[in-house]
Number of protein chains: 2
Amino acid sequence: MNHFPAKPHHHGALRAALIQAGIDILQSDGLQGLTLRKCAARAGVSHAAPAHHFDGLVGLKGAIAHHGLLLFRDAMLAASAGAADDLAQLKGICQGYLDFAAAQPALFRLMFGFEKHEHRKVSVELDGDLAYEVLREACAPFVRDDLPAPILEAQVWSLIHGYATLYLSGNFLRELHALPQQQAFEQVMAALDRMVTR
Amino acid sequence: MNHFPAKPHHHGALRAALIQAGIDILQSDGLQGLTLRKCAARAGVSHAAPAHHFDGLVGLKGAIAHHGLLLFRDAMLAASAGAADDLAQLKGICQGYLDFAAAQPALFRLMFGFEKHEHRKVSVELDGDLAYEVLREACAPFVRDDLPAPILEAQVWSLIHGYATLYLSGNFLRELHALPQQQAFEQVMAALDRMVTR
DNA sequence: ATATCAAACTTGACACTGTCAATATCACAT
DNA sequence: ATGTGATATTGACAGTGTCAAGTTTGATAT
């Protein structure tokens, strides 16, 4: 029996190996350094092997982004676990958001750097809802009559996402870099209190 | 006389022509399509000519980003001109922010997509303060004792920047795309009122 | 056991990219 | 007029993504 593709062929799990190789390369060489041929070499296969598992470079990047969104979601869940109240949970998720972006900046840029048209062929995989579900749930307790869920979620997501990208790029918000990273983060996230309290 | 480099050589103003060619290419072919050789061809020079005016592709991108930040600043200024009060001015700037990102998405991505290490050689040119000065001034009236300027500015910038990037990428905030663009924007920007009023 | 066959992988080629070295050309000061 | 330095061209090189063709592999049917 065992009709599962456990080790169907030569390499076996080349698809997963290529995604992991891509994440490793992103970590060491940055987004610019991510290359089909380097991924193939790192996985120990020839340069054209990835074509049998992904639709070119865009397809590989889409799969990496999808896998990265899973890690991203787990990081946010872990950072918000054990929160005392709803607000602490929301802030914990934002903390996980920032920490993930800081720990894996190139993967983060890949995940959120897609253009509209690049997105089409991997629309199923690159589903933003995947990672944002946890953020959405954390926003739910604060929904009010005059603040519907999509608006509140957009406000919170925009704040944390904008802060993560601007602060981590290093080119902007330079006055904030005088403060310790954690302190700056907490002061900016104080805007959440004002957004959320009626 | 005339020691100004009005038309010093073969092409004359190749540097400016290359920057303009780059902006045109960004508009038509996207960030991925921006190429040293295409810029050179569009400016009518050979493929290696740009090397005499920019430090490689990174240098050209830095110069384009610098020029884009000037356009960006002007767009924000124009959008906020004639505002009735301080809050309307701040919202006008945010409107200009979003409109610019929507009108020139590839240029916007280039301006804000730089990594830390790519930034070094063009640090003088790619000065984020350049464009953010107008946003900073619009924030000034709302500074309070318990809300120092750098924190308030970071909150406002993060909100509008995060919204612009997330909304325009098309992969996220999908529920918001059901609303008309202007209406969605205004509802999200309502968070500014809460940030700013004491 | 043997033949068959499709999937997985390799090899080789192509056009395109950024970058460099060598060369040519022009403007201008002397 | 003569040289000098900035400006531009040409040619080459290593990498890149992608495609076409061939080769290996392993499962399945007979």
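By convention in this document, chain letters (A, B, ...) are assigned in the order of the sequence lines, proteins followed by strands, and residues within each chain are numbered from 1.
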(message) Please enumerate all residues that pass salt bridge (charged side-chain N to carboxylate O under 4.0 Å, His left out) together with D74(B), with sequence neighbours excluded.
(response) none
(request) Please identify each residue that fulfils salt bridge (charged side-chain N to carboxylate O under 4.0 Å, His left out) with D193(A), with sequence neighbours left out. (result) K91(A)
(request) Report yes if the distance between the aromatic ring centroids of F112(B) and F172(A) is under 6.0 Å, otherwise no. (result) yes
(request) Could you work out which one of dG17(D), dA8(C), dT11(C) sits closest to the side chain of L57(A)? (result) dG17(D)
(request) Would you mind telling me which of dG18(C), dA8(D), dT10(C) lies closest to the side-chain atoms of L36(B)? (result) dG18(C)
(request) Could you check K38(A) against A51(A) and say which one's nearest nucleotide on DNA chain D is further toward the 5' end? (result) K38(A)
(request) Return yes if the base of dA8(D) and the side-chain atoms of H52(B) contain a donor-acceptor N/O pair under 3.5 Å, otherwise no. (result) yes
(request) Report the distance from atom CG of L14(B) to atom C1' of dA6(D), rounded to the nearest whole Å. (result) 13 Å
(request) Using atom CG of D55(A) as one end and atom P of dT18(D) as the other, report the distance to the nearest whole Å. (result) 8 Å
(request) Any chance you could measure L71(B), atom CG, to H66(B), atom NE2, to the nearest 0.5 Å? (result) 10.0 Å
(message) At a heavy-atom distance below 4.0 Å, what parts of residues 18-27 of chain A sit against DNA chain C?
(response) none
(message) Less than 3.5 Å apart, any donor N or O on the side chain of E137(A) or Q89(A) sitting next to an acceptor on the other?
(response) no
(request) Applying side chain to side chain donor-acceptor pair (under 3.5 Å), run through Q187(A) and Q155(B) and close with a yes or a no. (result) CA-CA 9 Å; Q187(A) 293 207 42; Q155(B) 290 172 347; over 6 Å; no
(message) I'd like to check the side chain to side chain donor-acceptor pair (under 3.5 Å) partners of Y97(B); sequence neighbours left out, ordered by chain and number.
(response) Y132(B), H161(B)
Polar atom pairs between nucleotides 12-16 of chain C and protein, under 3.5 Å, N or O only, would you list them?
| residue | atom | partner | partner atom | Å |
| --- | --- | --- | --- | --- |
| dG12(C) | O6 | H47(A) | NE2 | 2.8 |

(message) Need to verify one output field. Residue with the more 5' nearest nucleotide on DNA chain C, G44(A) or L34(B)?
(response) G44(A)
(request) Could you pull out all residues at least two apart from A41(A) that satisfy side chain to side chain contact (heavy atoms under 4.5 Å, CB included)? (result) none
